[in-house]
Every structure is written in structure tokens, then in C-alpha cells.
There are 2 protein chains.
Amino acid sequence: METHKVKRVTLADVAEASGMSKAAVSMILNKKPGTRLSAEATERVRAVATELGYRPNAAAQSLRSGKTRTLGFISDQVTVTRFASEMITGILREAESRDHTVLIAETFGKPEQMAEAITQMTHRDVDGLILGFMDSRQRDLKIPRTELPTVLVNGIDESPCTSVLPNERESGAKAVQRVIESGAQSVAVIGELKNAEKNPRIYPSITRRFGSMRQALVESELEVLGHWVLEDWNPTDGYEATTRMLAEGYKPDAIICANDRVAMGVFQALAEKGLAPGTDLSVLSFDDEIIATYLRPQLSSIRLPYEEMGAMAVGLLLDGKLEPVEHEIDMPLIERDSMKSN
Amino acid sequence: METHKVKRVTLADVAEASGMSKAAVSMILNKKPGTRLSAEATERVRAVATELGYRPNAAAQSLRSGKTRTLGFISDQVTVTRFASEMITGILREAESRDHTVLIAETFGKPEQMAEAITQMTHRDVDGLILGFMDSRQRDLKIPRTELPTVLVNGIDESPCTSVLPNERESGAKAVQRVIESGAQSVAVIGELKNAEKNPRIYPSITRRFGSMRQALVESELEVLGHWVLEDWNPTDGYEATTRMLAEGYKPDAIICANDRVAMGVFQALAEKGLAPGTDLSVLSFDDEIIATYLRPQLSSIRLPYEEMGAMAVGLLLDGKLEPVEHEIDMPLIERDSMKSN
DNA sequence: GTTTTGTGCTAAATGCATTTAGCACTCTCT
DNA sequence: AGAGAGTGCTAAATGCATTTAGCACAAAAC
């Protein structure tokens, strides 16, 4: 079967085929208000256009309008976490529903590549830019000043700009609230990240999460058992801290984990001592990564709403809501089986 | 600080500022071969161009050339698995290094959205299309015939087309080989997916993975213990099968897991019986998802090379290697701590 | 001294959709 | 009947980079 190289159908083709001028066809197909063209002509042009399968050439439209109906998304790193994926999904969904497409680039974790990526995007004339940061411990962002409307997701910069963040100011309190509802008298928090407190500018999410938690804890009747600080937030760290805690004789009614990876280690340590989350004690976590559903029992976790954040960023951009504001998005508690008395 | 709306610097601006014609400037900046322009003029134009910060307008270039230096990537689903992310990373890396940008879209798991997404891409005049499938149990792909150069990644269609696949024809044999090297006498495979065999067209990767494994197994001296078929490939399935296996008195020297999620369940079941992977017996898996590094001990796994697959797809597209061939990419064995005698 | 060859450069056309200015015609009103 | 308003439509300009055809001049060749 020979693939006959079909020449693109242009506006001129439609005009000729329908016996009208290009101007008329353009006006009709774009439903330009305030123009007067006979119903008959309108009908005819529409018919011809669909019959020929006319699609306006995006390059020509962009050239004329200076708009591309394209948004740029530059990400810290797409790999490793589920977060970038979810953010992309949110962005794509919202952009598609508003007839925009998305150009993507990645800095591969190297901040210095940011400038290059932005230049690329500028060159391609995107209508707006979304800068996504997966690693919330952002350093100096080095965002070059741009004319482009820009929204930061999960990141904050020195200079004021529009940004979308998870509502970590409330997430810690929400966790404590849920622990209280579970009927617990005592709780262990496993655990804060070493050094995080020292530099709240660098670890804004983490600082807020734990700040809000600490506040809620002192306002509660809960007995807080021990003080567990972790080197990093991997399963090993959670495993070691929990093992140590149990060895020291602590037996909390509930454990709040810094994130799901830590919770995984906590589960392992508990299993070794024959303790079952959800029946012997409650375990609650943050982030709601995919492993939360892999654990046995499945882990209740306070979700990082990356998809919603991505969608919101698109919304702000397209609605021109570009005041330098931090938009905070609620972090929903995803109930599964690791809490007592659901 | 007032943001002065800077008009874009165009070729005409450079031409005027350097006292040359647009034609000359264009030729100089594009290093057109076979043209004769004085070294002095060349120098001057280049200087002026950089000074003014001239960047050609992509829309205008596209309009003229019919090329956009943009590739389209349409994915099954970006969320859930790490695979899409890695594929995007590979695509981005290769595309960037060859001065192309990437437009992305997602069908959100709905095959019928594929046609719509392709139309969108066509409309934006991408130079080539990459269709990525995360869910290897692809159904009818419903890929509309396109004029566009297209490469399928991790998917095959009825009609012959260029595709990039993991080399599952060898992955099973590679696993068996490694188990033999570990000194094992007996092995359990946990486990094949129920129904997969019935429809090899629908589950091509899985069929190949197990076909190659079965072949290698009969050619080996290994004793194969039991026959474990799973409903699905989640941790629960691996947990249940392993528990059953141990209850039935089997005690293999090595376990080959269908994938890492299954391996996680296997680990849980082994832990309950006090069996430690890497010391009491070997565990080997497929895919190398992120959880492989979360497990204790860390899991050795045969990696699905999605990043390389994405990069290769870009390469094929840009090099015009579009014969209907299945390109198979080696699946490397990632050694960690779950195999005895590394 | 005239033709040929070569050099350095430019005007104008091209790709395609959108928009502005305005033409030609018919009604309506006085 | 002539002015004015309204209707239906079109020619041409615009945005920007690239490419083709070719101009004007100088040097070399016969």
C-alpha cells in the first residue's frame, strides 16, 4: 500500500473549494463576533472544511498571534519519585482541557541547566512556564529573570513569585488530629530529619510539616515518646529508629512516620517484634507514595497532592493570576488499614 | 522594578543594526555552505546578533521549513509506574542533545484518546511521534495511520512498525544463568501470571520472559520446585504463593520472582519464617523498580531499560531508521544483596 | 578593449492564518 | 431621487526566517 504524501490542507484550499475568500473562511471557522456572513456561506464553508479535513497550521497561527497555546514544564528530575509523574499528569489534564499542549524539559538535577532550559522554552515561544521541583530541599534556585509568566510548583525562590505548594502548614496538625481520633494516649514521631531545622529556607516543606505537628502535639493530651531524629528518610532509617525505640522499652499507641519510605522500615522493625500495624498499634505516614499500597497492611498516609498542584499551576498561568502568592493545596488523608479504629 | 516589555529581536533588527540585508544575516548565522560573504561582514553580523541577543523565531522557522524540531511523545499513562518517567528522561536526554524539544500527551489509559492525541500532535506539526506503552499487556492499539514517522516503545501493533522493546527473549535465560552461578541446586519460580499464556499477542513481554526462562530451565540441571501461578503481580500474590510453598515443605535454594512487587511479598513471607534472602537463600527478580532498593536486603533485579528505550526511539526517529523492525534492548542484571555468593 | 568569470551582496518570493480597510451592492428614509 | 445606513464579502498587509534569482562591480582572460 503506497503512502501517498498528502499535501497539507490550508486555508487557501478551503477558500478555493468553497468559492470564498480566505478572510471569509477564517472568520467563519473562528466564529469571529461582529462579522456578517450569510448563513448559507457559513454552512458551505464549514462543510468544505470538515470534508477536506482542514486543520490550521499551528506555526502560522503562532507567527501571527505571538501565542503558541503551548506551556513549558521544566522539572528538577522526572525519574526516581512518583511526584514528577503525577505533576505531569495534572498539568497535562488541565492543559488539554483548555486546548493547550505542553513542552517538557528536565534539568536532570543540575540547577545550572535551568537557565539553558528556560532559554530553549523562550525560544520556542511558550505562553507560560511551570517550574517543578521534586526535591523539596531546594537550594538556590537560580531562576533567571524572564518576561514569561511563570509559576513555581513545590518550590520557593528568594524573589517573590507565584507558587503552588502542598499545605504542609496543616498537614502535621491533621496527622495529630487523626492519631487522637484513633484513641491513642501516646505517640512516637519517627522522625525528624537531621539538619532540616537548621535551615528552614532550604527545607521549607519539611520545616512546616514538623512545625505544625509540634504545635498540635503540645496542644494535645498525647504523651510523646522519645525523640527520634533520622539521618535520611529511607527505609533503613525508619527500621533502625524503630528497633532502637522498641529495644528501649517504648511502646507507643501510634507512630507518625516522616514519610512512606520511613514507614516501610518501621513496618519491618515492627514485624520482627510481632507487632501488627492497624491492630497492635496505629501507624500514619506522609506523602502517599506507591509503596503505601504495597505494604501489609496497607498504609494510611497524608497525600502530597502533586497532580492537583500541577493542574492548579496551569490554571493560574492561563487565567493570568500571577500575583506573587503562595497557593497552598490541601493534603488529604488517605485512609487505609494501618490505623486502629478507623 | 518595572518590567519593560521588550520587543523580540528579529532578523530584520540584526540586519539593520549591522547594515546588511536579512538574506545575508540569515546565511551567515546559519553558516550556509556555498555562499560567499566577506569575513569582515560575517564577523560584524555575528557580533551584532549576540549583542542584541537575537534568537530566531521558532514559529517562523517552522512555517518556512515545515519542520518543527519537535518530537511528540504520547504515553499510555504517566502515573503509577516508574517506567513512564524513565522513558521520558531517556527521550528528553537524547532529544536535547540533538537540539529537539518534546511535546507530551497522555491517553490516561483510554485507548480511544490515542487518536485525539495524535491529531493534536499532527496539528502541531511534530517531526516524529513516539508512542509509549507502560502496560505491556496492550490490547488493540488502535493506532490511526499517520503520515508521521512513528516509533512504538514497549508495544507492538498488528501492522508492522518500528518498535523498541526490552530484550525479554533473553531475560529469562539470564536469570536462570545467574541462579546456576549462585550454586543453587533447586529453584522456585513465583510466578507466572494466570491467563498470560493464553494470549501471547496480548502479553508479549511476559510470554517472552517466561518462555526464555522455561527453555533455560529445562536445559539446566536445576530442580524446579512446584508450579506457582499468580492471579496478579502484586505483593500480596507473592506473599501468598510463598507462604503456601513453605507450608507445603518446599525449600528452594533460589527464588525467581516475576517482578519486584511480587518479590516484596516473597520477602515478607520469608521474613515471617525467619528466612533471610542473600544468606539463607537467593532471590532474583525482574524490572528493577524503585522498591528493589527499599527492601532489606536490597533486591537483585533484571532491569527494564526504559531510559535507554526512550533514547533509542528518539535516535531511530531522527536518523530516519524507520524500517518495520523490533529493536531489542539488553536488560542488565543489577546486582544487589539478595543473591548468595555474589 | 571587450568578454568571461568571480565576488559580495540584495530584492523579492514563500509558507499560512488573521485582521484591517474598504468595495459594491441593496434597502430605507426623506 | 438622493443621502444614509446596512449587508456580504474581499484584497492586501502582517508576522518572521529562508531561499532563489540576479544585480553591480572588479578582476582575469582573450
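To find a chain, count down the sequence lines: A is the first, B the second, and so on, and within it residues start at 1. The basis for the numbers below is simple: all heavy atoms, side chains too, and nothing from hydrogens, waters or symmetry mates.
- Within the structure, side chain to side chain donor-acceptor pair (under 3.5 Å) pairs that include any residue of residues 319-328 of chain A comprise A/Arg98-A/Asp319, A/Arg169-A/Glu326, A/Arg169-A/Glu328, A/Arg208-A/Glu326 (at least two apart or interchain).
- Note that OG1 of B/Thr119 is 11.0 Å distant from CE of B/Met121, once rounded to the nearest 0.5 Å.
- Considering CZ of A/Arg46 and CD1 of A/Ile28, their distance stands at 7.5 Å, rounded to 0.5 Å.
- A/His123 places its NE2 atom 11 Å from the C1' atom of D/dA17, with the value rounded to the nearest Å.
- As a whole-Å value, the separation of B/Leu63 CG from C/dT18 C1' is 13 Å.
- If you take CZ of A/Arg124 and P of D/dC16, they are 18 Å apart, rounded to a whole angstrom.
- Inter-axis angle, ends of the helix from C/dG1-D/dC30 to C/dT30-D/dA1, five pairs per end, rounded to 10 degrees: 70°.
- Using a 4.5 Å heavy-atom threshold, the side chains of A/Arg124 and B/Thr70 count as touching.
- Partner of B/Pro166 under the side-chain contact (heavy atoms from CB on, under 4.5 Å) criterion, chosen from B/Ile329, B/Leu304, B/Asp330: B/Leu304.
- Atom OG1 in A/Thr10 sits 7.5 Å away from atom OH in A/Tyr54 (nearest 0.5 Å).
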For residues 126-134 of chain A, tabulate all N or O donor-acceptor pairs below 3.5 Å that involve a side-chain atom, not counting sequence neighbours.
residue: A/Asp127; atom: OD1; partner: A/Thr68; partner atom: N; Å: 2.9
residue: A/Asp127; atom: OD1; partner: A/Thr68; partner atom: OG1; Å: 3.2
residue: A/Asp127; atom: OD2; partner: A/Thr68; partner atom: N; Å: 3.4
residue: A/Asp127; atom: OD2; partner: A/Arg69; partner atom: N; Å: 2.7

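- Residues satisfying the side chain to side chain donor-acceptor pair (under 3.5 Å) test with A/Arg93, not counting sequence neighbours, are A/Glu307.
- As a whole-Å value, the separation of A/Ile28 CD1 from D/dC9 C1' is 10 Å.
- Under 4.0 Å is where a charged nitrogen must lie from a carboxylate oxygen, and between B/Asp13 and B/Arg8 no such pair does.
- Taking atom CZ on A/Arg55 and atom P on C/dA17, their separation rounds to 13 Å, with Å as the unit.
- Regarding A/Asp13, its CG atom lies at a distance of 8 Å from the P atom of C/dC16, rounded to whole Å.
- Listed by residue number, there are no residues of residues 37-51 of chain A with a heavy-atom contact under 4.0 Å to DNA chain C.
- Salt bridge present: A/Arg303 and A/Glu86 bring a charged side-chain N and a carboxylate O closer than 4.0 Å.
- Proximity of A/Gln61 to the phosphate of C/dT18: a side-chain N or O atom is located under 4.0 Å from OP1 or OP2.
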Inset, instruction - Could you walk me through whether A/Gln113 and B/Glu96 pass the side-chain contact (heavy atoms from CB on, under 4.5 Å) test, one step at a time? - result: CA-CA 11 Å; A/Gln113 282 221 23; B/Glu96 249 163 57; 3.9 Å; yes

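- Taking atom CZ on A/Arg8 and atom C1' on C/dC16, their separation rounds to 9 Å, with Å as the unit.
- Per the geometry, CG belonging to B/Asn57 stands 14 Å off C1' belonging to C/dC16, to the nearest Å.
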Can you give me the N/O atom pairs linking the protein to nucleotides 19-26 of chain C at distances under 3.5 Å, or say none if there are none?
residue: C/dT19; atom: O4'; partner: A/Arg64; partner atom: NH1; Å: 3.2

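- Of the candidates D/dT10, D/dA17, C/dC16, D/dT10 carries the atom nearest the A/Met20 side chain, counting heavy atoms from C-beta on.
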